[in-house]
Amino acid sequence: MKDESKDKATHATPILDELEGGKWPSFITGLKHLRDEGTPSNRAIMNDLLGQLEHSYEEKLGFWKGGTISVRGYGGGIIPRFSEVADRFPASKEFHTLRVMPPPGFHYTTDVLRKMCDIWEEYGSGLIAFHGQSGDIMFQGTTSENTQPAFDALNELGFDLGGAGPALRTAMSCVGHARCEQSCFDEQRAHRLMINTFLDEMHRPSLPYKFKFKFSGCGNDCVNAIQRADFAVIGTWRDDIKINQEKVKEHVAKVGRKYTIDTVVSMCPTRAISLNDDDTLEIDNQSCVRCMHCINVMTKALSPGDDKGVSILIGGKRSLKVGDLLGTMIVPFMKLETDEDFEKLEEFGETVIEFFADNALEHERVGETIDRIGLPAFLEAVGVDPDPNMVNHPRTSSYVRTDDFDEEAAKWFERKAAKAQISAE
Ligand code: SF4
């Protein structure tokens with residue numbers, strides 16, 4: 001094969017070279033590696049890509065424009081990029097990105113990774129990003145002609161396109177119970193179930209705007225579900241934190257009482273922890289909000305309780321119409337162990353997506369719809385009863401009266417028990 005890269009001089013990149021100077025790894029070094037060590041076609045593409053990027057830095061302008069590129073049977077998943085300076089940098093004149101869904105928990109075999117690299121060296125620029133901010137594997141830099149065969153090869157390998165456009169978007173789950181002792185549910189099963197159920201919304205988008213599912217095994221929320229997902233499933237527990245007092249004493253003996261108080265006791269957001277004189281810990285579990293901080297610091301002494309499940313928060317998103325929103329607590333606790341539990345999760349997902357499809361305005365995320373119509377209307381629409389656990393910052397909310405809180409809470413528990421009895425009958 002003719003080595004095209006040898007025909008062209010390497011573009012000088014004095015401004016980009018500056019970006020390699022700091023102490024952190026630079027993406028420029030990665031691009032140059034592909035330019036110098038990639039396949040002949042990868043080298044040509046990368047040389048012109050770096051040339052265009054240098055030109056952009058000089059002019060302080062981007063020179064990419066969008067368009068419409070898709071593969072057969074799909075309504076989203078490809079980000080088209082056409083160069084506006086193609087006459088100067090012809091090898092990278094089309095630089096489309098395939099957004100491909102990652103496996104739940106980001107578990108790959110090295111064999112699969114090698115095959116992905118081979119596919120992208122053949123049909124694309126060789127440049128792959130694991131993973132984009134929304135979790136996708138970003139196969140960056142292919143031509144319009146190669147988009148379909150590249151997708152076919154990835155699809156043959158068992159992977160599907162992820163989201164772009166007003167569709168069900170790529171979902172993400174944390175590494176989960178396969179490798180993390182704090183995990184409170186089977187994130188991988190939940191992730192796979194929800195994506196497979198709603199895949200049509202990805203292939204043939206019919207939603208007003210994007211909709212994302214994300215799954216984190218505990219309150220550490222390693223995939224940022226609360227900030228970024230329309231439907232965030234977060235592992236939690238409803239019994240008491242498990243305390244191994246011997247390990248607490250060992251911890252205190254090792255780091256000291258002051259350090260334990262400074263880093264654990266006084267960092268608890270609800271002041272639920274106290275350190276006894278004999279170096280044992282006491283936790284007021286009614287006040288604990290399952291934030292994971294104390295468990296993160298004392299991993300041997302503390303761990304999540306045994307009665308595990310999930311909380312579901314709806315409406316998290318980055319800026320758009322009404323600015324950044326964190327997800328709103330809609331289902332404070334739900335068991336997620338049996339087949340029936342997973343069916344309930346699926347049903348609830350269907351209810352929320354149907355609500356979104358029917359009620360959201362064009363280009364509106366579900367969090368914005370809730371903001372527009374109000375939480376009570378949303379709860380009624382999705383068939384969820386209001387619950388005191390939905391109150392954000394109850395200790396500082398002027399709508400929560402602390403003088404008769406216990407009395408009101410008792411009434412709520414009574415109503416809840418009566419309702420449970422009626423549905424059991
Ligand atoms: Fe406090 Fe968070 Fe620990 Fe609960 S999990 S006791 S809220 S630090």
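Numbering of ligands and ligand atoms starts at 1, following listing order. By convention here, the first residue in the shown sequence is residue 1.
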**Request:** State whether the side chain of Glu54 and the backbone N or O of Leu16 hold a donor-acceptor pair below 3.5 Å, judged by distance alone.
**Result:** yes
**Request:** Kindly say whether Cys174 contributes a backbone atom to a donor-acceptor pair with the side chain of Gln188 at under 3.5 angstrom?
**Result:** yes
Assign the ring pair [X] / [Y] to parallel, tilted or perpendicular, where the plane angle (0 to 90°) is split at 30° and 60°.
| X | Y | answer |
| --- | --- | --- |
| Phe130 | Phe139 | perpendicular |
| Phe211 | Phe231 | tilted |
| Phe355 | Phe378 | perpendicular |

**Request:** Measuring from atom 2 (Fe) of ligand 1, count protein N/O/S atoms under 2.8 Å, please.
**Result:** 1
**Trace of the side-chain hydrogen bond (donor to acceptor under 3.5 Å, both in side chains) decision for Asp230 with Tyr209** = CA-CA 11 Å; Asp230 301 276; Tyr209 197 38; over 6 Å; no
